[in-house]
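Working notes for the structure below.
In what follows, chains are A, B, ... by sequence order, proteins preceding strands, each numbered from 1.
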There are 2 protein chains.
Amino acid sequence: MAGKRARRTLTRETTISDIAAAAGVSKATVSRVMNGVSTVNEEIAKRVRDVVVELGYSPSQTARSLSLGVSQTVGVLVPDLENPMFHQVLNGFNRAAARDGYRVLVADAFEDADREAEVAIDLRDRTDAVALFAPRMTRENLLELIPRISPVVVFNRTTGKNAGSVLIDYREGITLIARHLINLGHKKIAYLSGPTSSRSNWERQKGLDDLRAHEPDVDIIDVPCGHSFQDGYEAWSAFSHTGVSAAIAFNDVVALGLLGRLAEEGVSVPEDLSVAGFDDIPFASYSSPSLTTMTARLSGIGERVWQVLRAEMTDSPDREPVVFSPELVVRGTTKVKA
Amino acid sequence: MAGKRARRTLTRETTISDIAAAAGVSKATVSRVMNGVSTVNEEIAKRVRDVVVELGYSPSQTARSLSLGVSQTVGVLVPDLENPMFHQVLNGFNRAAARDGYRVLVADAFEDADREAEVAIDLRDRTDAVALFAPRMTRENLLELIPRISPVVVFNRTTGKNAGSVLIDYREGITLIARHLINLGHKKIAYLSGPTSSRSNWERQKGLDDLRAHEPDVDIIDVPCGHSFQDGYEAWSAFSHTGVSAAIAFNDVVALGLLGRLAEEGVSVPEDLSVAGFDDIPFASYSSPSLTTMTARLSGIGERVWQVLRAEMTDSPDREPVVFSPELVVRGTTKVKA
DNA sequence: TTGAAAGCGCTAACAT
DNA sequence: ATGTTAGCGCTTTCAA
């Protein structure tokens, strides 16, 4: 067409205009057919559908999103996609979101707390809402970020009702597991602690503090450790001489790392040492001995995270935190103290 | 403004127009500032930046994508997000994509081969390219789909150079692992086979057929199994009476399931039975005994998948399949036949 | 250096 | 029932 300005080159192969032209109808009619609006004459509709198939057309969801003001997409910010725990939560979240017709855009913050806000905003600029999985940023930054990216749900961080939240009650969890060991007669127990910056580690510490206050004859010692296999594997040398009869690991991954080391060292579990984990990752039940741990049905929690986000998107939610109390699963790695 | 039509309600809080108005400049100038175009007077640029901060503005990536014709986003279609193998590949893929400034939109096909094409197209309609992880659809459907969603990379399926592809050479892999067992003196070996519809299972079967042809005195029996923990756990009853001295599992998950069962049954590994897996998932090295398996550095493969997709997006690629030969990792579950 | 306006590919309000 | 057209929020060409 004359008089038109030069346009950029990156453009769609087949657009709604092409279909309209080929079918001899207006774009509006094509749009109606594509969206199943019933007021279209069946004959015309069929003609349009034929052309669509013939030309292999499918609408640009980007254009659709811009026009509709919604993208049917939500973002998930994960602090570290390496961590199997988030895989499970993500899996449940994605499954539930898909059921409601939403797609999920994932972004990994690579454990860089300082970059989280920026990534979260970018995510939000492409989607209808975002889920923050266990954000590492300071509480101050979190509370500042939330209104900027609402609707938002936060997993495993409190939000003071500024956003929906889903929490795992680690404090109660560690209490349950420690009580289990105490009931088995263990008096000296090691806690292989997680990253110091981690809220969930902090909560576990609080739970153990409670216990120390109530059980003066039980000695719970803190072994700085970490969150990885390797950390658990290496932690042994830090407490092998303490004479503890039981160890609680920050999480299952750490517990399995420890288990691997113990097997190598000829320390038999649970005879010489009882070991407990946290999270109940799928492999926990299949290690040998199978791992005593706290279960939290992570993928179920993921589904719940989605539901809370959904509520943020639609209702005016009450924002009462949804808290999951982990349950003790006694398996093969813990037994009565010799 | 008078005469304007009523518009829908779902609209952005702060747009480029708001910034332009508040800063007393045109939208073009705001756009230039946001994109760091240097030809803007520093004084004006500062004013714009101040307003941006003040109003908490960030550009709609949807609008940007539509205008630019590019979204800096790619889709990944996973057959089953439940499978840890895909988590690892996804992790590597996402990491590499992020490094190049791309975001990743994930979609799970929930093992429904019939829905894959539809989901892949939807993914492509929102993104610049898509990666198909081990698609379950027929080859015919795959070849039909590829041109529709190009640029595309396919992981673990051949494409006849219609698209870039990255493959794990399972046939060679299973050969290596079986030879390892044969060298250890095992003459009767069970193969716990995977889903019959799976290409990767089919390839393993071919590898074993090769072996049967070359090693007439070795008996490799096929035990229909599956891909899950549970499948491995349950498979034992199907071959406990066959007198095999070694078992090769379809993958590590199955192997770990079997290991769990064997521990319960009092069958000691590797003394009574050697067991080998496939994939080298993270937990393989931490089971006890640690699992002999084939390793394929899955997250490294994920990065490679990204690179191939990147090439599809930019170059005119040669599409020679990138094939990874898994390597044998001998650990604790295999030993010389008693 | 800056602004006006066209255009990206859709949807929906309005008119017919 | 169908078409016309404004508008979603940006980018970029062209003119000033």
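As a whole-Å value, the separation of A/R12 CZ from C/dC10 C1' is 10 Å. Protein atom CD1 of A/I19 is 13 Å distant from nucleotide atom P of C/dT11, rounded to whole Å. As rounded to whole Å, 11 Å separates atom P of D/dT5 from atom NZ of A/K27. For A/E42 and D/dA1, the CD to C1' distance is 13 Å, given to the nearest whole Å. Following rounding to the nearest Å, B/D18 (CG) and D/dG9 (P) show an atom-to-atom distance of 9 Å. Atom pair B/E43:CD and C/dT2:P shows a separation of 10 Å (rounding to whole Å applied). If you measure from atom CE of B/M34 to atom C1' of C/dT2, you get 18 Å, rounded to the nearest angstrom. Here the P atom of nucleotide D/dC10 and the CZ atom of A/R64 are 20 Å apart, to the nearest Å.
Put simply, CZ on B/F86 and CZ on B/F133 are 8.0 Å apart, with the number rounded to the nearest 0.5 Å.
At least one side-chain heavy atom of B/R157 sits under 4.5 Å from a side-chain heavy atom of B/R139. The closest side-chain heavy-atom distance from B/T62 to A/Q61 is not below 4.5 Å. Between B/R124 and B/P151 the shortest side-chain heavy-atom distance falls below 4.5 Å. The side-chain heavy atoms of B/V152 and B/E312, taken from C-beta on, include no pair separated by under 4.5 Å.
A sub-4.0 Å separation between OP1 or OP2 of D/dT11 and a side-chain N or O of B/S31 is present. A close approach under 4.0 Å does not occur between any side-chain nitrogen or oxygen of A/T29 and OP1 or OP2 of D/dT2. Note on B/S26: a side-chain N or O is less than 4.0 Å away from OP1 or OP2 of C/dG3.
Closest contact between the side chain of A/N41 and the listed nucleotides C/dA4, D/dT2, D/dT4 involves D/dT2. Relative to the side chain of B/A63, the nucleotides D/dC10, C/dA5, C/dT1 differ in distance, and D/dC10 lies closest. When each of D/dA1, C/dT1, D/dC8 is scored by its nearest atom to the side-chain atoms of A/L66, the top-ranked nucleotide is D/dC8. Considering only the side chain of A/I16, C/dT11 comes nearest among D/dT2, C/dT11, C/dT1.
One finds a salt bridge joining A/D122 and B/R103 here, because a Lys/Arg side-chain nitrogen approaches an Asp/Glu carboxylate oxygen to under 4.0 Å.
Counting distance only, with no hydrogens placed and no angle test, the side-chain atoms of A/S67 and the base atoms of D/dG7 include a donor-acceptor pair under 3.5 Å.
Taking for each of A/N35 and B/V40 the nucleotide of DNA chain C with the nearest heavy atom, the 5'-most of the two is the partner of B/V40.
Inter-axis angle, ends of the helix from C/dT1-D/dA16 to C/dT16-D/dA1, five pairs per end, rounded to 10 degrees: 40°.
Taking all atoms of both residues into account, the shortest heavy-atom contact from B/Y102 to B/T73 is CD2-N, 3.6 Å.
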